[in-house]
Amino acid sequence: MNNITSFARQVYAATKKIPRGRVATYLTIANYIGYKGAARAVGNALNKNPFAPSVPCHRVVKSSGEIGGFAFGLSEKIKRLKGEGVEVAKGKVVDFKRKLYLFK
DNA sequence: CATATGACACTAT
DNA sequence: AATAGTGCCATAT
């Protein structure tokens, strides 16, 4: 029902901070919110994503630059990214390191 | 409390 | 570069 863990709440908060046209990784988000190394757990939280439209979860990718996953289908995620100016080729973000957004 | 799960990451091969 | 194995972490049951 309506139980959102503190962890998940922080994940959504951090995800909302990702600027349009930029991306962040599961690991950097985990580190930023204080759960160092919890990349996998971040993915799980986003998968549940109770705030689907309000949280730009499509801007979260793998540390390697690969797209990762998406609850509504990978093609949809890529479509959204491209729509923001983030090019994707062969399942990876183009100029990944340059598009990567580091939290401050 | 123990086991299983997954939108991950890293190292070795 | 591509694959496989191992480690990690918060949840769900």
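All values below come from the heavy atoms of this structure, side chains included, with hydrogens, waters and symmetry mates left out. Letters go in sequence order (proteins before strands), and every chain restarts at 1.
In this entry the distance linking CZ of Arg80(A) with P of dA7(B) reads 18 Å, nearest Å. Taking atom CG of residue Leu81(A) and atom P of nucleotide dA7(B), one finds them 17 Å apart after rounding to whole Å. In this structure, CZ of Arg40(A) is placed 12 Å from P of dC8(C), rounded to the nearest angstrom. The nearest whole Å value for the distance from the CD1 atom in Ile78(A) to the P atom in dA7(B) is 16 Å. The CG-C1' distance, from Asn31(A) to dC9(C), rounds to 12 Å in whole Å. With rounding to whole Å, Ile4(A) atom CD1 is found 18 Å from dA10(C) atom P. Atom CD1 in Ile29(A) sits roughly 15 Å away from atom C1' in dA10(C) (whole-Å rounding). The nearest whole Å value for the distance from the NZ atom in Lys62(A) to the P atom in dA7(B) is 10 Å.
Between the side chain of Thr15(A) and the backbone N or O of Val11(A), at least one donor-acceptor pair lies under 3.5 Å. Distance alone, capped at 3.5 Å, is enough to place a donor-acceptor pair between the Lys77(A) side chain and the Ile67(A) backbone. Remark: side-chain polar atoms of Asn31(A) are paired, donor with acceptor, to backbone N or O of Gly37(A) under 3.5 angstrom.
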Please list, pair by pair, any protein nitrogen or oxygen found under 3.5 Å from a nitrogen or oxygen in nucleotides 11-13 of chain B.
none

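Ranking dA9(B), dA10(C), dA7(B) by closeness to the Ala38(A) side chain, first place goes to dA10(C). Distance from the side chain of Leu27(A) is smallest to dA9(B) among dA7(B), dA9(B), dC9(C).
Nucleic acid contact class of Ala41(A) (heavy atoms, under 4.0 Å, all strands): base. Among the atoms of the strands shown, base atoms are found under 4.0 Å from some heavy atom of Leu46(A). Using a 4.0 Å heavy-atom cutoff across all strands shown, Tyr26(A) reaches at least one base atom of the nucleic acid.
Looking at Lys99(A) and Glu87(A), no side-chain N of the basic residue comes within less than 4.0 Å of a carboxylate O on the acidic one, giving no salt bridge.
Between Thr5(A) and dT11(C) there is a side-chain polar atom (N or O) within less than 4.0 angstrom of OP1 or OP2. The side chain of Lys48(A) places no N or O atom within less than 4.0 Å of a non-bridging phosphate oxygen (OP1 or OP2) of dA7(B). Checking the phosphate oxygens (OP1, OP2) of dG6(B), no side-chain nitrogen or oxygen of Asn44(A) falls inside 4.0 Å.
Side-chain contact between Glu84(A) and His58(A): present, with at least one pair of heavy atoms (C-beta onward) separated by less than 4.5 Å. Side chains of Ile4(A) and Phe51(A) form a contact here, defined as non-hydrogen atoms less than 4.5 Å apart.
Listed here is the closest heavy atom pair of Leu100(A) and Arg22(A): O-NH1, 4.1 Å.
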